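Okay, so here's the structure we're looking at.
Worth saying up front: this structure is predicted, and the values here are computed from it rather than measured. Counting convention: from 1, in listed order, for ligands and their atoms alike. Values below: all heavy atoms of this structure, side chains included; hydrogens, waters and symmetry mates excluded.
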Amino acid sequence: MSQYETPLFSGLLAHAKKNPVQFHIPGHKKGTGIDPEFRSFIGDNALSIDLINIGPLDDLHSPKGIIKQAQDLAAEAFGADHTFFSVQGTSGAIMTMVMAVCGPDDKIIVPRNVHKSVMSAIVFSGAVPVFIHPEIDEKLGISHGITNDAVEKALQQHPDAKGVLVINPTYFGISADLKKIVEIAHSHNVPVLVDEAHGAHIHFHDGLPLSAMQAGADMAATSVHKLGGSMTQSSILNVKEGRVSAKRVQSIISMLTTTSTSYLLLASLDVARKRLATEGKELIEQTINLAQMMRKQINEVEHLYCVGEEILGSKATFDYDPTKLIISVKDLGITGFEVEKWLRERHNIEVELSDLYNILCIVTPGDTKKEAMILVNALKELADECEHRAEKREPLQVLLPDIPLLALTPRDAFYAETETILFEESEGRIIAEFVMVYPPGIPIFIPGEIITKENLHYIHKNLEVGLPVQGPEDDEIKTIRVIKEYKAIQ
Ligand SMILES: Cc1ncc(COP(=O)(O)O)c(C=O)c1O
């Protein structure tokens with residue numbers, strides 16, 4: 001089959017065109033049974049292919065027909081031996097990767113700034129995380145990837161690890177020397193699992209960091225929906241056969257996946273793959289040029305800094321994705337969160353994320369010069385408004401959380417007997433819940449860690465500026481669940 005074909009989408013269209021009389025789910029039956037307002041908004045076309053795994057439409061849990069053909073084309077396009085479609089985002093694909101290599105008490109080497117799905121998989125599987133400190137960028141107040149040296153050291157200390165998980169590129173578009181990391185891990189015969197949530201497009205243009213499959217990694221969970229042009233929630237899991245078994249991956253992804261898979265999402269993966277494979281290079285070229293123009297103009301604005309290739313050269317900053325605009329706003333004397341709010345309220349602009357010191361904007365083939373200039377001009381106006389503040393206020397101090405010590409495995413802590421205590425009084429106790437700032441969903445605490453004063457302070461700081469701290473059962477974070485302690489009987 002050719003990359004210009006879309007077996008899954010075309011198969012669905014052909015089926016819908018036959019207009020069969022449906023006595024199967026979904027009960028809205030081509031939209032006739034759905035709320036009329038919703039139907040008229042979303043359209044009959046979309047509803048006509050909101051179908052289910054009946055015979056002619058194959059089954060994601062055991063693909064042999066049009067889904068298999070679509071997955072095979074995706075594998076060819078992404079340079080994998082096998083591609084699995086995920087309707088549960090990259091989170092589902094990441095959980096599959098971890099559970100495909102780890103069982104209870106198996107070690108897995110992971111950077112601390114992992115997405116929460118990695119930690120969920122560690123709790124589900126009973127694996128023991130061996131954390132690597134990501135490189136911290138003190139100037140920007142963000143974490144980058146992990147270094148080759150740290151991977152080598154971790155593998156020497158833990159040669160029995162069942163996998164090394166790498167985030168490549170990071171949310172901010174920075175990538176490590178993945179090829180070297182793969183070489184190191186493979187020399188210890190350990191598979192490399194890549195969280196490629198922010199890299200669906202990188203395989204298709206030489207000016208972007210190497211993709212997981214290009215670097216020789218064993219598995220990669222890739223959010224096609226984020227930067228590859230498919231619908232939200234649709235991702236892929238790419239596998240290179242050898243150190244991991246595609247059959248095991250199929251059975252685990254199936255265990256974690258709904259039996260009612262959305263064909264709209266699946267079809268959108270099929271068409272996104274076609275576009276990336278056949279037009280990706282050209283579209284990404286235009287996107288890079290647009291983003292570089294924006295970067296240049298933003299850097300001409302006083303007190304703003306948009307990160308560019310000068311960031312490269314440290315041990316963890318081997319390459320970067322220029323379509324990501326990391327805009328440091330700390331010299332304006334306001335937080336990234338305030339900038340996000342200002343852009344929303346004043347210019348109806350929504351950014352990808354903000355933190356204490358930065359905002360992050362993504363540029364894709366969906367953007368044109370018009371949108372680019374709306375953002376650039378808004379930032380110029382903001383800088384003018386902040387002029388007096390930037391001069392008066394001390395630049396914000398960059399604060400990053402330390403990695404706390406792990407006293408229990410995350411799974412043991414998660415299932416242990418617990419009690420709820422005041423957040424303020426929790427220093428020194430072992431936490432039984434996750435605490436993270438979302439986005440980007442990076443844990444400050446994971447179950448089993450010892451609560452420290454510095455980390456409590458970091459959480460306070462985030463709450464103070466209104467950043468979304470999530471995870472605990474008490475969403476106001478006044479109380480926290482910790483492992484129960486028994487006092488000695490007098
Ligand atoms: C680094 C990273 N990994 C994984 C994910 C999960 O991806 P998804 O939202 O497709 O489940 C995200 C989502 O933001 C992420 O930032």
(request) Evaluate the criterion ring-ring contact (aromatic ring centres under 6.0 Å, His included) for residue pair Phe78 and Phe204; output intermediate values, then yes/no. (result) CA-CA 8 Å; Phe78 282 87; Phe204 300 93; 5.1 Å; yes
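Close approach of ligand 1 to Gly89 (heavy-atom distance below 4.0 Å) involves ligand atoms 10 (O), 11 (O). With ligand atoms numbered from 1 in the order given, ligand 1 contributes 7 (O), 10 (O) to contacts under 4.0 Å with heavy atoms of Ser223. Annotation for ligand 1: atoms under 4.0 Å from non-hydrogen atoms of Tyr171 are 16 (O).
Looking only at distances, a side-chain donor or acceptor of Gln3 sits under 3.5 Å from a matching main-chain atom of Leu73.
Identified under the ring pair (Phe, Tyr, Trp, His ring centres under 6.0 Å) test for residues 305-328, with sequence neighbours left out: none.
Residue-level proximity to ligand 1 for Asp195 is carried by the side chain, the only part with a heavy atom below 4.0 angstrom. Heavy atoms of Val114 found under 4.0 angstrom from ligand 1: none, in either backbone or side chain.
No more than 12 heavy atoms of other residues, nucleotides or ligands sit less than 6.0 Å from atom CZ of Arg275.
Proximity annotation for atom 16 (O) of ligand 1: of His115, His225, His198, Gln88, His198 comes nearest, heavy atoms only.
Ligand 1 lies less than 4.0 angstrom from a heavy atom belonging to Lys226.
Lys68 has a carboxylate O that lies under 4.0 Å from a charged side-chain N of Asp72, or vice versa, which qualifies the two as a salt bridge.
With Ile109 as the partner, the side-chain contact (heavy atoms from CB on, under 4.5 Å) test is satisfied by one option alone out of Leu155, Leu165, Ile146: Leu155.
Between Ser91 and ligand 1, an N or O atom pair is found at a separation short of 3.5 Å. In terms of polar-atom proximity, Thr90 is counted as a contact of ligand 1, with an N or O under 3.5 Å from an N or O of the ligand.
By the ring pair (Phe, Tyr, Trp, His ring centres under 6.0 Å) test, His198 is found to be paired with Tyr171, residues two or more places apart in sequence or in another chain being considered.
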